[in-house]
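Okay, so here's the structure we're looking at.
Letters go in sequence order (proteins before strands), and every chain restarts at 1. Values reported hereafter were calculated over all heavy atoms of this structure, with side chains retained and with hydrogens, waters and symmetry mates removed.
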Amino acid sequence: MVQTSGQPSLTFPARSSMQDIRFIREHPDTVRKAIADKFVTLDLDEVLAADRAVLELRQQVETLQAERNANAKLVPKASAEDRPALIGKGKELGVQLAELEPQLREQEEALRALLLRVPNVPHESAPVGPSDDDNAELRREGQLPSFDFEPLDHVDLLALQGWSDPERVARVSGSRSYLLRGEAARLELAILTFALDFLAERGMEPLSTTALVRPETLTATGHFPGGEDQVYRLEGEELMLAGTSEVPINSLYAGEILGESDLPLAFAGFSAAFRSEAGSAGRDVRGLIRVHEFRKVEQYVICRPEDGMAWFERILANAEGILQALELPYRVVQNSTGDMGLGKHLMMDIETWVPSEEKYRETHSCSYLTDWQARRTGLRFKGADGKPQFAHTLNNTGIASPRILVPFLENHQQADGTVRIPAALQPYLGGKAVIGQPRR
RNA sequence: GGGGGGUUGGCCGAGUGGUUGAAGGCAGCAGUCUUGAAAACUGCAGUAGGGCAACCUACCGGGGGUUCGAAUCCCUCACCCUCCGCCA
């Protein structure tokens, strides 16, 4: 399956122009501020100029097309002697169009490329700043563990119990790979299954998805342009490996016009997730924090605009509920404008306590994209007025493994090297309250 | 891997190169009728862009070509169905 010629075909049409060009025209200062606050490198005047150029050229082309169409309609009615003149005129118009149309296409493509880089406007509550140093802690939940023994970090704990095999797996799969043995393998599956059940009980439809996606789905979510080097691509295939099931789920209804009664669509998507981690060499190389392939239960919501904020709170509460059930201490932080990414309107991370590092580490990320992503994807519904409008989309982690195992193992370790299993999880581990062999 | 068939508006489904943006049906909306509902009847009704009013332009899987003119002809790619082979 090799792409031989032409452009890759879109399985769904790119309905609209990313960030709404009309909104940009009418609120250039708002967009300028968003660009500045998000520290995006983009000249809005360049966008506006490209927009004007396209409009102007398009008007020329459309005028010529109108002439051509009118002329062509006269041909069948014309007398034999008038006919050659009309056909001649048609040919002449055709020549002019043949020159202008490719120019128009080119300029439209240039504009489109620029619009793909226009950010969503951040929520007014978002702290303004360039990086995650500017994130604001909103609250802390749960009790930090206090050990009356010398706690191990998760790497040593896994080694102690024979639950990992880092040297061998590196031989097989290279760095940033992982392998879990025995009870740890069952623990991973138990946590994922628990999270899926937890979300299903709260109205999220379970979805098992493939991570294999077409490139345009990654443009639709907003990962492209910009995140290309984070994504694995398959040699000789027009397919890539998504870093989250947000990608396939977002495109599931691409290009469709849904009925208002079809919304909300709320999913708990389960899939493998792949990230090249280009540019993070040397960071978190030890243990399970940062690996190339992991498993994830992802919350994804497509809803009416007026329900967006309520859904944000709901999927944030879902994630917190999972951590509470797993009896893990965490904090919620609101991401700064510079840390939240191009398409996001509002973003909060949940960071879970990692005892060995004595700090909170990101385990969940909750995002509200308003219509920014839906515009790229062509996700519309017919509202009460009968007019199609763009839906709003949100996503949040449900649980991501093996990263979640880091705080889980470390917080729940006991003096004898065994690991305590919270009550909510025990049914998923055959009723066990403790896993691992007591040391010595 | 090889051979057939297909891809038309929210859905189903017609479509001879020349008012076909696209028949017809269903669903939808409004109205008539009715105590109310159903049925029946009448009307409205694709999406996007530009003026934003009349109107104009584009779009019948994607891209390209032929033509004065293409949903209709040609090439190409993708996807779906199906038969054969191969593998499980």
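Searching all strands for a Watson-Crick or G-U wobble partner of B/G69 with both distances below 3.5 Å returns nothing. Nucleotide B/U7 has B/A78 as its partner under the Watson-Crick or G-U criteria, with both atom distances under 3.5 Å. With both pairing distances under 3.5 Å, B/A14 is matched to nothing as a Watson-Crick or G-U wobble pair. Look at B/C44: its Watson-Crick or wobble partner, with both distances under 3.5 angstrom, is B/G28.
Side chain to side chain, A/N250 and A/T377 meet the donor-acceptor criterion of an N or O pair below 3.5 Å. In this model, a donor atom of one side chain and an acceptor atom of the other lie less than 3.5 Å apart for A/S365 and A/D349. Side-chain contact of A/Y368 with A/H123: a donor-acceptor pair under 3.5 Å is absent, judged by distance alone.
Atom C1' of B/G69 sits at a distance of 49 Å from the matching atom of B/C86, rounded to the whole Å. Remark: the separation of the C1' atoms in B/C56 and B/U7 is 30 Å, to the nearest Å. The gap from the C1' atom of B/A30 to that of B/U20 amounts to 27 Å, rounded to the nearest Å. Spacing between B/U16 and B/C74 at atom P, rounded to whole Å, works out to 13 Å. Rounded to the nearest Å, the gap between the P atom of B/C11 and that of B/G3 is 32 Å. Across the C1' atoms, B/G49 and B/C44 are found 24 Å apart, a figure rounded to whole Å.
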Would you be so kind as to tabulate the donor-acceptor pairs closer than 3.5 Å made by side chains of residues 154-167 of chain A, with sequence neighbours excluded?
residue : atom : partner : partner atom : Å
A/H154  : ND1  : A/E410  : OE2          : 3.2
A/H154  : NE2  : A/L288  : N            : 2.9
A/D156  : OD1  : A/R286  : NH2          : 3.3
A/Q161  : OE1  : A/Q437  : N            : 2.9
A/Q161  : NE2  : A/G417  : O            : 2.6
A/Q161  : NE2  : A/Q437  : O            : 3.0
A/D165  : OD1  : A/R168  : NH1          : 3.3
A/D165  : OD2  : A/R168  : NH1          : 3.0
A/D165  : OD2  : A/R181  : NH2          : 3.4

Can you give each donor-acceptor pair under 3.5 Å made by side-chain atoms of residues 91-107 of chain A, sequence neighbours left out, with the distance rounded to 0.1 Å?
residue : atom : partner : partner atom : Å
A/E92   : OE2  : A/Q96   : NE2          : 3.3
A/E101  : OE2  : A/Q65   : NE2          : 3.2

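Atom CZ of A/R214 and atom P of B/A78 are 9 Å apart (whole Å). Put simply, NZ on A/K382 is 13 Å from C1' on B/C44, counting in whole angstrom units. Look at NZ on A/K387: it is 12 Å from C1' on B/A45, rounded to the nearest Å. Look at CZ on A/R68: it is 16 Å from P on B/G18, rounded to the nearest Å. Atom CD of A/Q389 is separated from atom C1' of B/U47 by 15 Å (rounded to the nearest Å).
The aromatic rings of A/F408 and A/H412 lie perpendicular to each other, with more than 60° between the two planes, well past the 30° mark.
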Return the polar atom pairs (N/O with N/O) between nucleotides 27-31 of chain B and the protein under 3.5 Å, or none.
none

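Listed pair A/N69 / B/A58 meets the phosphate criterion, a side-chain N or O lying under 4.0 Å from OP1 or OP2. Contact check, A/R22 against B/G50: a side-chain N or O comes under 4.0 Å of OP1 or OP2.
A distance of 10.5 Å separates CZ in A/R375 from CD1 in A/I21, rounded to the nearest 0.5 Å.
The pair A/E277-A/R283 fails the salt-bridge criterion, with no side-chain N (NZ, NE, NH1 or NH2) lying under 4.0 Å from an Asp/Glu carboxylate O.
Nearest to the side chain of A/K91, among B/G64, B/U47, B/C68, sits B/C68. For A/P76, whose side chain is taken as the heavy atoms from C-beta onward, the closest listed nucleotide among B/G49, B/A58, B/G18 is B/G18.
A donor N or O paired with an acceptor N or O is found under 3.5 Å between the base of B/G49 and the side-chain atoms of A/E62.
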